[in-house]
Amino acid sequence: MRHGIPARLRRSVPWTEVAPTWRDAKPGLIDTALERAQARPSGNWYVLAASSEIRGDRPFGRTVAGVEIVAWRTADGRLHAGPGECPHLGAPLCRAAVRGGALVCRWHGLALGAHGTAGWEPFAAHDDGVLAWVRLDAVGGETPLPAPVLAARPAASSSLDAVMTLTGRCEPEDVVANRLDPWHGAWFHPYSFVDLRVIEAPSEGTEDPALDRFLVQVSFRISRRVVVPVTSPHRVQ
Ligand code: FES
């Protein structure tokens, strides 16, 4: 295996000298890619947090798709999740204690374990090593799947991962559509990307999810003059 620093020096290009990309970023191409992405099964899985945010010594709370959720880990590291309100009188379980693998409510001491109790049924949870997921069947309304559908990732031993969390009000399909327009990166995010070229775009009838992708050559800026060139697939899913 070859090791080394993949960084390169790159002179800054004035924004006005970046080649226009609007001819390539065809609205129809992006719209049909969005339709295919939305038609793929989700199995009702929703991202809850970065895996590293959920620890074994205290519960983690977040609202996803309007549902209050509490998550925690048992001593074996397994991820668990359930409704965020205590079934007794509604205390926030994100403030509970974790004892012996169970949540212990701070208001009156009810213990809630991974198997739940009457009136409080845990959600299916999945940890893929980077992201923690929760399955919300009542929200998703699709056929449940035993695990989220994940794109292939590089081996953890030869890659870095980072998860950013932002709270906002937006249409999820707008976020996905933005991802399916890689061309805007050179123009809208010049502080991050230089030399961005889309070298492969999916065709409308693409059936194989592995081939349904945009392939992008781009250099990420790590300082004003230092960049890291990469080839990055943007999958339609
Ligand atoms: S509200 Fe949780 S035990 Fe009473």
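A quick note: this is a predicted structure, and the numbers were derived from the prediction, not measured. First listed ligand is number 1; within each ligand, the first listed atom is number 1.
The pair Asp76-Arg78 does not count as a salt bridge, with every side-chain nitrogen at least 4.0 angstrom from each carboxylate oxygen. One finds a salt bridge joining Arg135 and Asp137 here, because a Lys/Arg side-chain nitrogen approaches an Asp/Glu carboxylate oxygen to under 4.0 Å.
Under the 4.5 Å side-chain heavy-atom criterion for grouping Ile, Leu, Val, Met, Phe, Trp and Tyr, Val175 is not connected to Val64 through any hydrophobic cluster.
The backbone N or O of Pro14 sits nowhere less than 3.5 Å from a side-chain atom of Glu17 that would complete a donor-acceptor pair.
Counting only residues at least two apart or in different chains, salt bridge (charged side-chain N to carboxylate O under 4.0 Å, His left out) contacts with residues 106-127 comprise Arg73-Asp127.
The count of protein N, O or S atoms under 2.8 Å from atom 4 (Fe) of ligand 1 stands at 2, with waters excluded from the count.
For the pair Pro229/Arg8, a side-chain contact is recorded, criterion being any heavy-atom separation below 4.5 Å from C-beta on.
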